[in-house]
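This structure is a prediction, so every number in the text was calculated from the model and none was measured. Reckoned from all heavy atoms, side chains included, excluding hydrogens, waters and symmetry mates.
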Amino acid sequence: MVSYIKTGEVKASLQTLVKQKIRDCSQGKELSQDVVELIKHNFLAKFVHYDYYKKVLEVGVNMSSPDSIYPNITVHTIPEKEVLNWLEDSYKSRKCDLEFYGRILSGSTSSKDSDVVFM
């Protein structure tokens, strides 16, 4: 399936999607796989978890050097109200990043399932 997306609409569409998914989490639902993949992609994160009781997003990023034996995972805790601003600063504009964002918006993160064309 081919999706046609204007480059300028990608960021706004992602913000709307994330806002809706975070609202769903605050109502007791799990964080959607789309948002997990988006956060992992933007921050090169190893894990993403939404803590329903604390109303925070926990993101684990590997901060270890390439020659270290054990991973040094730093956990960033972001309050629910700050997630959108935090993510907004992480969006990238390279072609491969835009294609990844387009696949999230089309509902598929696998490059085999769909093609994304930017106009």
Side-chain angles (χ1 to χ4, degrees):
M1 182 174 136
V2 177
S3 298
Y4 294 92
I5 301 173
K6 291 184 180 181
T7 305
E9 295 174 348
V10 171
K11 189 174 179 181
S13 298
L14 282 174
Q15 287 175 330
T16 303
L17 175 73
V18 171
K19 187 175 185 179
Q20 175 191 5
K21 300 298 182 177
I22 296 296
R23 189 178 316 125
D24 289 347
C25 286
S26 66
Q27 296 173 354
K29 298 179 184 175
E30 289 187 24
L31 188 60
S32 76
Q33 193 61 32
D34 293 343
V35 176
V36 169
E37 293 300 321
L38 173 66
I39 293 170
K40 282 183 174 182
H41 175 83
N42 283 6
F43 295 99
L44 303 175
K46 295 297 178 188
F47 74 87
V48 177
H49 172 72
Y50 180 81
D51 188 333
Y52 172 75
Y53 298 106
K54 294 180 183 177
K55 303 287 187 202
V56 296
L57 186 69
E58 299 172 341
V59 179
V61 180
N62 187 356
M63 302 297 284
S64 57
S65 63
D67 60 341
S68 63
I69 297 172
Y70 298 105
N72 179 15
I73 306 291
T74 302
V75 179
H76 300 277
T77 304
I78 300 97
E80 181 182 308
K81 294 178 181 180
E82 295 178 19
V83 170
L84 290 177
N85 292 335
W86 184 71
L87 272 173
E88 186 175 327
D89 295 337
S90 73
Y91 292 127
K92 301 172 180 128
S93 58
R94 294 182 311 214
K95 184 177 185 244
C96 61
D97 294 315
L98 290 172
E99 288 174 353
F100 179 80
Y101 300 152
R103 285 189 193 93
I104 286 179
L105 292 172
S106 69
S108 172
T109 55
S110 171
S111 60
K112 297 175 185 173
D113 292 341
S114 64
D115 291 324
V116 179
V117 177
F118 290 96
M119 302 187 304

Step by step, work out the side chain to side chain contact (heavy atoms under 4.5 Å, CB included) result for Gln33 and Val36.
-> CA-CA 5 Å; Gln33 193 61 32; Val36 169; 4.2 Å; yes
Please name the residue in the list Val56, Ile22, Val35 that meets the side-chain contact (heavy atoms from CB on, under 4.5 Å) test with Val83.
->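 By the side-chain contact (heavy atoms from CB on, under 4.5 Å) criterion, Val83 pairs with just one of Val56, Ile22, Val35: Ile22.
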Nearest 0.5 Å please: distance from the NZ atom of Lys95 over to the CG atom of Asp97.
->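 So the NZ of Lys95 and the CG of Asp97 are separated by 12.0 Å.
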Under 6.0 Å from the NZ atom of Lys55, do we count more than 12 heavy atoms belonging to anything else shown?
->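 Above 12, so yes.
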Within 6.0 Å of CD in Glu88, more than 12 heavy atoms from elsewhere =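 Counting other residues, nucleotides and ligands, CD of Glu88 exceeds 12 neighbours.
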Examine [X] and [Y] and state if one hydrophobic cluster contains both, with Ile, Leu, Val, Met, Phe, Trp and Tyr joined whenever side-chain heavy atoms are less than 4.5 Å apart.
| X | Y | answer |
| --- | --- | --- |
| Met63 | Leu57 | yes |
| Ile69 | Ile73 | no |
| Val48 | Tyr53 | yes |

Side chain to side chain contact (heavy atoms under 4.5 Å, CB included) evaluation trace for Phe100 with Glu37 = CA-CA 10 Å; Phe100 179 80; Glu37 293 300 321; 4.1 Å; yes
Just say parallel, tilted or perpendicular for the rings of Tyr101 and Tyr91, cut-offs at 30° and 60°.
->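 Ring orientation, 0 to 90° scale: perpendicular.
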Where is the tightest heavy-atom contact between Ala45 and Val59, given as atom of each residue plus distance?
-> CB-CG1, 3.5 Å
Determine the minimum heavy-atom distance between Ile78 and His76, stating which atoms define it.
->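 So the two residues come closest at CD1-O, 3.7 Å.
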For Asp67 and Ser65, test the side chains for any donor-to-acceptor distance below 3.5 angstrom and give the result as yes or no.
->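 Ser65 and Asp67 do have a side-chain donor-acceptor pair below 3.5 Å.
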